[in-house]
Amino acid sequence: MPAHLTNKAFNPWDEIQRYQDGHLQSGHYGATASFVGTMRDFNINESVSHMTLEHYPKMTQHYLDKLCLQCNQQYELDDCLIIHRFGDIYPNEPIVLTVAWSAHRAQAFDACRYLMEELKSNAPFWKKEVTDKGERWVHNDIINNE
Amino acid sequence: MPAHLTNKAFNPWDEIQRYQDGHLQSGHYGATASFVGTMRDFNINESVSHMTLEHYPKMTQHYLDKLCLQCNQQYELDDCLIIHRFGDIYPNEPIVLTVAWSAHRAQAFDACRYLMEELKSNAPFWKKEVTDKGERWVHNDIINNE
Amino acid sequence: MSISIQFFASLREITGQSQTTLSYEPSMDVLIVWAKATNNMVMPDNTLCAINMEYVKTDAIVADNDEVAFFPPVTGG
Amino acid sequence: MSISIQFFASLREITGQSQTTLSYEPSMDVLIVWAKATNNMVMPDNTLCAINMEYVKTDAIVADNDEVAFFPPVTGG
């Protein structure tokens with residue numbers, strides 16, 4: 001149940017496959033729920049050329065590790081996985097991946113969403129978007145439901 | 001927003017990648033929620049060697065097509081995808097894949113789960129498991145939350 | 001002037017047939033179709049019925065050339 | 001006998017520094033650390049505070065060798 005931080009583009013589907021092959025017990029899990037957050041090329045009606053995702057490295061890793069561990073126990077998962085980008089990110093690149101494996105679907109769905117909601121609320125990342133009009137920090141009230 | 005029925009094993013992550021590359025507009029969607037239901041090698045404390053998934057082909061396709069269309073509109077998705085097996089299925093093989101792409105995460109999560117819950121309740125499939133003790137039709141009250 | 005009838009899963013096994021046809025008669029509902037097609041077997045609880053790929057209740061009236069299907073609760077996904 | 005202080009994102013820009021250190025003194029809470037480290041700037045609304053990678057409130061007492069961090073509401077994911 002690891003959390004990985006990376007400053008390189010990653011392919012979420014390859015990562016799920018690789019993690020599943022390496023860590024999950026074949027025939028044991030019946031449900032896999034996943035979420036991928038991808039950078040869009042517009043936000044609040046403005047074209048965004050790229051963004052920089054700053055974070056607090058030690059705290060991010062610590063927070064996400066704890067979140068995985070706690071989520072695993074709370075939802076009785078077989079396993080879970082978080083991958084999160086930092087640094088410069090371009091449109092259509094995945095920013096975050098959360099995955100939950102469990103025996104039954106309710107736990108997998110609930111856990112996958114829980115990971116995302118907690119991460120969105122608490123993981124110390126900050127987005128700065130670069131638009132035609134310059135740079136801007138993204139605010140929660142702007143990104144709203146994103 | 002297609003629904004595919006197949007009697008061959010499929011790799012859900014490859015299918016998502018292929019569909020996304022072929023049909024989704026790069027930079028437009030920000031959220032991708034997916035669910036994979038995988039055959040387990042046990043159920044109700046009994047080892048299951050394989051199962052046969054019977055269906056009502058014309059009605060299954062009709063039902064899943066309608067479901068995709070309706071889900072797309074209801075959740076304002078960029079797109080959605082369902083792939084479902086039929087025929088003989090062995091442990092660790094994916095049975096079903098549902099995917100929803102949207103601008104924001106709430107719709108993607110909700111839509112992906114909606115596809116699964118509706119499919120579980122209404123799509124005309126029937127599972128027959130083969131165990132050491134012989135064959136048995138799976139009942140809803142047995143599979144419970146699966 | 002006929003309707004086709006399909007049985008699936010456990011209902012196929014219970015009735016001993018996967019499909020059959022009946023001559024069309026006016027005003028037949030789904031329950032009557034079941035009775036005629038199964039030689040008056042009792043319809044199991046929770047049986048689901050469809051006409052032309054859409055779920056219907058047992059009192060739905062069948063038209064000529066309809067495809068009527070009977071099956072147990074679904075267990076896909 | 002010191003504590004280290006980190007500023008992130010907009011607070012790094014507002015305070016003009018990404019990190020600094022303070023001599024440790026007993027009974028300093030996080031708000032006092034902010035004031036000393038920023039030359040008495042007003043702390044922006046919604047500022048989040050952490051000691052040693054755990055969220056704390058501004059009245060949390062700081063121990064010697066602690067790492068104190070200040071940052072705006074998070075926007076990851």
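Below, chains carry the letters A, B, ... as their sequence lines are ordered, and counting in each starts from 1.
Looking at C:E67 and B:M59, their side chains never come closer than 4.5 Å, going by heavy atoms from C-beta outward. A heavy-atom distance below 4.5 Å is not found between the side chains of B:F125 and C:T75.
Considering every non-hydrogen atom in both B:Y56 and C:A69, the closest pair reads CE2-CB, 3.2 Å. Pairing each heavy atom of C:V74 with each of B:N122, the nearest pair is CG2-N, 3.8 Å.
Aromatic ring orientation, C:F8 versus B:W126: parallel (interplanar angle below 30°, classes split at 30° and 60°).
Note: B:K128 NZ to C:E13 CD = 3.5 Å, rounded to the nearest 0.5 Å. Note that the CE atom of C:M53 and the NZ atom of B:K66 stand 11.5 Å from one another [nearest 0.5 Å]. B:R136 CZ to C:S10 OG: the interatomic distance, rounded to the nearest 0.5 Å, is 15.0 Å.
Other residues, nucleotides and ligands contribute more than 12 heavy atoms inside 6.0 Å of the CD atom of C:Q17.
Only the side chain of C:A50 comes within contact range of chain B, judged by heavy atoms closer than 4.5 Å. With a 4.5 angstrom heavy-atom cutoff, B:S121 touches chain C only via backbone atoms.
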